[in-house]
Enquirer: 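Supplied in C-alpha cells, the structure appears directly below.
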Amino acid sequence: MEAQEDLQVDLKPETLLEMYWLMVLSRRLDERTWVLHRQGKIAFHISSIGHEAAQVGAAMALRRGQDWVVPYYRDLAMMLALGFTPKEFMLGVMGKKGEPNSGARQMPSHWSIRRLNIVSHSSVVATQAPHASGIALAIKMRGDDAVVLTSIGEGSTAQGEWYEAVNWAAIHRLPVVFMVENNLYAISVRQERQMAVEQVADKAAGLGLPGVTVDGLDAPVVHRAITEAVSRARSGGGPTIVETMVHRMTPHSSDDDDRSYRTREELEALKAQDPLHLQRDKLMDMGVLSQDAEREVQERAKREVEEAVDFATRAPYPEVSEASYPVYAEDRIDD
Amino acid sequence: MEAQEDLQVDLKPETLLEMYWLMVLSRRLDERTWVLHRQGKIAFHISSIGHEAAQVGAAMALRRGQDWVVPYYRDLAMMLALGFTPKEFMLGVMGKKGEPNSGARQMPSHWSIRRLNIVSHSSVVATQAPHASGIALAIKMRGDDAVVLTSIGEGSTAQGEWYEAVNWAAIHRLPVVFMVENNLYAISVRQERQMAVEQVADKAAGLGLPGVTVDGLDAPVVHRAITEAVSRARSGGGPTIVETMVHRMTPHSSDDDDRSYRTREELEALKAQDPLHLQRDKLMDMGVLSQDAEREVQERAKREVEEAVDFATRAPYPEVSEASYPVYAEDRIDD
Amino acid sequence: MTEMTLIEGLRQAMDEELERDERVFIVGQDVGPRGGVFRATQGLYEKYGEDRVVDSPLAELSIIGIGIGTALYGMRPICEIQFADFIYPAFNQIVSEAARMCYRSGGEWIAPMVIRVPYGGGIGGGLYHSQSIEAFFAHVPGLKVVVPSTPYDAKGLLKSAVRDPNPVIFLEPKKGYRLIRGEVPEDEEVLVPIGPGRISREGTDLTLFAYGMMHHYAMEAAERVAQEGIDVEVVDLRTLKPVDRETVLASVAKTGKALIVHEDNLTGGYGAEIAAILAEEAFADLDAPVRRLAGPDVPAMPFSHPLQDWFMLDADKIADAIRELAAY
Amino acid sequence: MTEMTLIEGLRQAMDEELERDERVFIVGQDVGPRGGVFRATQGLYEKYGEDRVVDSPLAELSIIGIGIGTALYGMRPICEIQFADFIYPAFNQIVSEAARMCYRSGGEWIAPMVIRVPYGGGIGGGLYHSQSIEAFFAHVPGLKVVVPSTPYDAKGLLKSAVRDPNPVIFLEPKKGYRLIRGEVPEDEEVLVPIGPGRISREGTDLTLFAYGMMHHYAMEAAERVAQEGIDVEVVDLRTLKPVDRETVLASVAKTGKALIVHEDNLTGGYGAEIAAILAEEAFADLDAPVRRLAGPDVPAMPFSHPLQDWFMLDADKIADAIRELAAY
Ligand SMILES: Cc1ncc(C[n+]2csc(CCOP(=O)(O)OP(=O)(O)O)c2C)c(N)n1
Ligand SMILES: Cc1ncc(C[n+]2csc(CCOP(=O)(O)OP(=O)(O)O)c2C)c(N)n1
Ligand SMILES: [Mg+2]
Ligand SMILES: [Mg+2]
C-alpha cells in the first residue's frame, strides 16, 4: 500500500464535506434497504456498506456525466456520488415502473444510467471489464478526451474476462482505470483461494500496466489515486489498476448468511474500522465538520431516504406489457 | 533470458546425440510432409520446424510414459521424443485407419497417445491449459509423484483460458510446467499485439509463480530449465512458466502464406539461426558428433521417414462406420 | 420411506457417492464452508475435508476445465455452477472439450463428470438468476442432459450421473429445491437410470410433456382439468439428451395430442425438438396440432413481480393450454 | 452486373460500409496485413489503416466484449471470429451481454454490431474447423442470425447487418467462399433486408428449406429431381432469426410437404424449430410427415475423407430425401 501522508490537505473543505455527505447518504439508504428487507417489503438487497469511501473517492475524481463509468453491483455510493438519486434507487429496489436502470427488468443494484454515461451491466461478474476497454478504445479512435472508470470485486479478477479486458487496455494504452474493490471475500471464498499474489495490483506487472493498492477506507486517498490514474489515462498514458482495500461489513447480499464462513470477531474488527466513522472523526479533528453540521448531515440523509421510500412505495408497478419489449432496438418506444 | 553458460557439460554425450537424432528425425519428417502437401497428396500440415530444440529438450526432461503431457499442435518433435513414431504420424497426416491420435477423426498434429499419457487436445487454442492443471490437481489429490508438462504458443497465452489455468496451478501449487513456445507470431499477429509485457514469462509475476525465459534454439538449455521446473513441481514446489524463444521457420500452416506479413529478410535471418545446425555444429565442436555419425543420422532419418510414408500410403482409410462412434463412452468398441 | 425435499435428495446423493468412491469430489464456488449458496453441499466440507469439497476461484471455465483434467486422470468430479446463468463462460470447455473428448480420441480418453446447475425462474432473480439453458446443451452430441422433478429422481439420477462415464449436465429446478417434497426410501440404494422418461400420470385425452419445475405445475394442472373431464397423460422427460423417443411416441400414439411445456424461451427451445420428433414420426397419430407452451421470446425473465409473472409459466397457464388443445 | 464470388461480395460490402460510415471498423484475428485467413478483409488494412482494421489478440471473448464497448460508445464494429468453431469462448459475451443489452436497459443502451463467422464443413477441417453453430444463436432473443447463400445476398445482407441497430450473427458458408459465384450489380447500392426468406425456386410438390451451402446443394438437387418429374419449391431462409414465418407457412400451404436441410447435427438443430412451427401451424396443410435431413448426431465432422463424406450432406443425399418424401 502507498504511504499515506496527510492527503486531506489536497482537497478543499467543501469537497471533503461533499464526500462525507455522500458516504452518509449512501449508508443511511443502504441501512434502510436492509430494514425493508427484514420487514419483508422487498426481495433483495446487495450492500455497499464498508465500500463507501472508496466509491465516493473514485467517483469524485471523474468529470461527472462526461467520463464513462462501467460499475458493478456493489457501487451504490459511487452511483449516488455520480448523480443517481435515492428515489431512483428505491424504485429499483421495489421493482417499480420507470426505474431508470432497467425499467425494473433487472434486479436492484444493476446500474445503468444513460444520462450519466453509466453503462448497463449484467450479474455475470467481470463481463463489464471488456466493455470498459471497448469504450476506451472508441474514445481513442474518436480522439475524445473522456476516460472510463470500471470497478470490480477482487474475486472477479480471477475471470478470464477481466484478464482479456486489461490486456487489451495495456496493449493499446487505452484511457481506462480498472478499480478493484478488494474486501477479501467473494461471497464466502477468501482471496487466497482466488489468486496466488498478495494484492490484485500485483497482477498489473504481468499485464504490462501500472498497479497500485490504496486504503479504501479513506476517501481522499482513493480520490488521489484515481485522480492520478485518470489523468494518466486522459493524457495518453494508458490504463492503471487501482486496488482499494475495503471492508464488506455485511453478508454478501440479503440472500447470504456469513456466519458459516467468518467469525463474529473478524466482523467486529472490521466494523471497528468503519470508513464512515473514520472520515467523520478526521473531519472533526480538522475542524471541517462541526457537531451541528454532523447532525444536519444525518438528518438530511434520513429525510431524503424516507422521501425516497415513500415515493417508491407509492409508485406503481410497471404495466405487464412492458415485459415484452424492447427485445430489439427497433422495438424501443421512442424509435 | 538466463545467462547461458556451457550447459552441454551437464549432459552425457549419448543424451546429446539422442537429442540431436530426434531433432533430425523430426525435421526430415516435417520437411517430407511439406513435400507431400506440395505434391497434392495430403490436405494439411502444421510444422514444428524451428521449434525442435525446445521440444526435444523439454520432452527429455520428463519421465516418459509416467509423467503427463498436454501438448499443442506444433509439437511434432516433442511427440517423437516421447515415443510417438513417424509411421503413426504419417497415418494421421493421411487420415488413415488406426491413426492413434483420433482414429483419423481429427486433423493431423492433434495429438493424443494414451500409452504415453499424452492427452487429447482440440484445435481451440488454450483449452488444454486447464486440463493440465486439472490433471495436476488429480495427481496431488492422489498423492502421486507424476508431473504435467503443457505447451502453448505465446499468442494463445492471451486467452482467458490460459490465465485461469495458471491461476489454479499457482493457488494450489500444482505439479505442472507451463511451457511457452514463443515464436513471436500468432499466424500473422506479432507479440506486441498480444501482450504489453516484454516476455510471456513476465506474466508469472502477476499470477504468483516463477517464470523464466530461455533460448529455445538450444536443446540442453531448455532441458535444464524444464528439468528444474519439473523437479520443483515434483517436490511440491508448485508450477513454473518456462518460456522458450524459438523460430517459426515456415508459414503458420500449409494454409498460410506469410509473405503478406513478414519480409523475406526477416525469414532468412531466422533460418540462419537454425536450431538443427546450431546443435550439429556444437556437437561437432565438442567432438561428440563425427562426420560419419552425422551422415548416419541423416540416412537413418531419411530411411525411417520413407518407411513411414510408404507404410501410411499403403494403409487403408477407416471404415465409414467408424465415423459414427464413440459419441458416448459406452459406445467404445472394447467396452 | 422418508419424506424429503428435492435439495435433500441431492445432498444425500452426493454424500453417498463421496462415501462410496474416493475418486468423487466436489468443486465449485462457495461449496466448501458455505455449503453452497443454496446449501446443496451443506455439511460435506466438514465431513470430507477440503480436498474433496473444493472451493474454486470465481472462474467458471476453470471449474469445468479443471474438472475435465481430473476426469482424464481418473477422478469423478462433481462441478457446481452456481446459477445456470453463469455457465456461459464455461461453454467452450463444455462443448468443445468435455462433449467431444471421447469421440475425438476414438474413445481413448473420456471425461466422466457431473455438472450440477441450478436453473429456472420464478424466484425474483431477474434476468441473470432465472435462466433455463437446456436447449443449448441438449443440442450437443457427447453430453447427457438430465433434469429431475422429484426428490426420488433427484437422488437417483444424480447418483447415476456420478457413475456415468460421460459428461452429464445435471439441471436442478432451484425453485423446487425446498418446495418439492416426496418420498425417498432410506434403507435401499436409490438409483434411477439416465435415459428413460417416466409416465407420471396416465391419461387418454392428450399428452403433456414437461420436466423440472414445469413438471410439478403440469401435474397440478392435470389434476385441475381432470375435474372438468379432461384426462391428461403427463410425461416427465427427466433425461433430455438422449431423449426417450419410445415413451414420447408411444404416449402420443395413445392420446393423439401433444402439449410441450418449458420455461425457456419458445424459439429454438427444447420443445422444438419434441415437436419435430412428433412432426416426423407421429404424423399418422396426431389428431391436433402439436402445441408448445413456453417462455416468451424476450432475452430473459424480468425482475419486477408483475413482469416476472408475465414470463413465468404456472399451473393456470398450463391448464388453459390443456383446455384449448383438448377442445381442438 | 458483374459475376463475383461470395467472398468478393462480402469484401465489397465491408469496403463500402467502411467508406460510407466512419464509425464502422473491423476487428479480429489476422484481419490486418494478412487480410484474414480466408482473405475476406484483403486490402482493407492498406486502404483504411490500422485504426479501422484492427488485429486483435488471440482471445475471442475480448473481440466481442471490446466490440460491445465500442458499440455502446456509438461505433459500428464488424467483429470477425476466425472459424465458427472458435466462437464458444465468446459465448458469454454474445449471449449474456450483446443479446440482452437493449432489453435489460429498457432500450437505453444498444449494441449494434456484426459478428462475422465462417462456418460449415466439407473442407477437410476436421472436428474444429467445420462446425455449424446457428442453432445456439437462433435460440437467443435479442440476436439476429443471418446466412447468405449467394454473392448478391452476401453483399446485400452484410451491408444491412452493418446498419442494423442490433447484434447480428452473420454466418458465412466458407466452403462456398470461392465456389459460389453469382451476379451482383456494380452501379447501384445492394441492400438486402434482414428478415425475409426468398423463394429461390418455385415448385408445387414439396418445399425444401435450406440456407448457406446447403441451399446451394438444395438447388442442385431440385434441378436433378425435376428431370424425374418432381417439382420442388426451394426456400432460402437467409435470416434464421427472426425467421420469416409467413414465407415458410405459405410455401407449405401450397406444397403440403416439407423437407428441412442443414449441416449441423440433427437433434436440437435449427430444423427442429422449422419443424415445430409447421407442426403447430401447418397441421391442416401437411400431406406427409415433416422431414429433417441434417448432420448426424456425432460431436463434429471427422477429418479423414471417407468419414467426412459420411457426415457431410450433398446434392445426392438431398435428392434421395426429396424422392423419398415426394413418394409419401
Ligand atoms: C460469472 C459469475 N459467477 C458467479 C456469480 C455469483 N456471484 C455473485 S457475486 C459473487 C462474488 C463476487 O466477489 P467479488 O468479485 O470479490 O466482489 P464482492 O461481492 O466481494 O464485492 C459471486 C460468486 C456471478 N454473479 N457471476
Ligand atoms: C480459440 C481459437 N482461435 C483462433 C484459432 C485459429 N488459430 C490457430 S493457431 C493460431 C495462432 C496461434 O499462435 P500461437 O499461440 O503463438 O502459437 P504458434 O502457432 O505460433 O505456435 C490461431 C489464431 C484457434 N485455433 N483457436
Ligand atoms: Mg470481494
Ligand atoms: Mg506463436
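These figures come from a predicted structure and were not determined experimentally. In what follows, chains carry the letters A, B, and so on, assigned in the order in which the sequence lines appear, proteins first and then strands, with residues in each chain numbered from 1.
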Enquirer: Between E97(C) and N92(C), is there a side-chain donor-acceptor contact under 3.5 Å, judged purely by atom types and distance?
Expert: no
Enquirer: Give, as side chain, backbone, both or neither, the part of D256(A) having an atom under 4.5 angstrom from any heavy atom of chain C.
Expert: both
Enquirer: By a 4.5 Å heavy-atom criterion (distance strictly below it), what part of S56(C) contacts chain A: side chain, backbone, both, or neither?
Expert: backbone
Enquirer: Side chains of W34(A) and S254(A): is there a donor and an acceptor less than 3.5 Å apart?
Expert: no
Enquirer: For chain A, find which of P89(C), S304(C), P299(C) contributes the most heavy-atom pairs closer than 4.5 angstrom.
Expert: S304(C)
Enquirer: Side chain, backbone, both or neither: which part of L61(C) has a heavy atom under 4.5 Å from chain A?
Expert: neither
Enquirer: Where on V37(C) is there a heavy atom nearer than 4.5 Å to chain A: the side chain, the backbone, both, or neither?
Expert: side chain
Enquirer: Sort by residue number and list every member of residues 75-84 of chain C having a non-hydrogen atom under 4.5 Å from chain A.
Expert: Q82(C)
Enquirer: Let's test your reading of the structure: which of G32(C), G126(C), P33(C) forms the most heavy-atom pairs below 4.5 Å with chain A?
Expert: P33(C)
Enquirer: For the residue pair N101(A) / S112(A), report whether a side-chain donor-acceptor contact shorter than 3.5 Å exists.
Expert: no
Enquirer: Looking at chain A, which one of Q29(C), H129(C), H305(C), Q308(C) has the largest number of heavy-atom pairs inside 4.5 Å, strictly under?
Expert: H129(C)
Enquirer: Quick check on E319(A) against chain C: is it the side chain, the backbone, both or neither that has a heavy atom closer than 4.5 Å?
Expert: backbone
Enquirer: Contact part of P306(C) toward chain A, heavy-atom cut-off under 4.5 Å: side chain, backbone, both or neither?
Expert: both
Enquirer: E60(C) versus chain A, heavy atoms under 4.5 Å apart: side chain, backbone, both or neither?
Expert: both
Enquirer: Within the distance-only criterion (no hydrogens, no angle test), does the side chain of D297(C) pair as donor or acceptor with the backbone N or O of N265(C) below 3.5 angstrom?
Expert: no
Enquirer: Which one wins on heavy-atom pair count under 4.5 Å against chain C: D258(A), T127(A), V320(A), T157(A)?
Expert: V320(A)
Enquirer: Check whether D85(C) gets within reach of chain A through its side chain, its backbone, both or neither, counting any heavy atom under 4.5 Å.
Expert: backbone
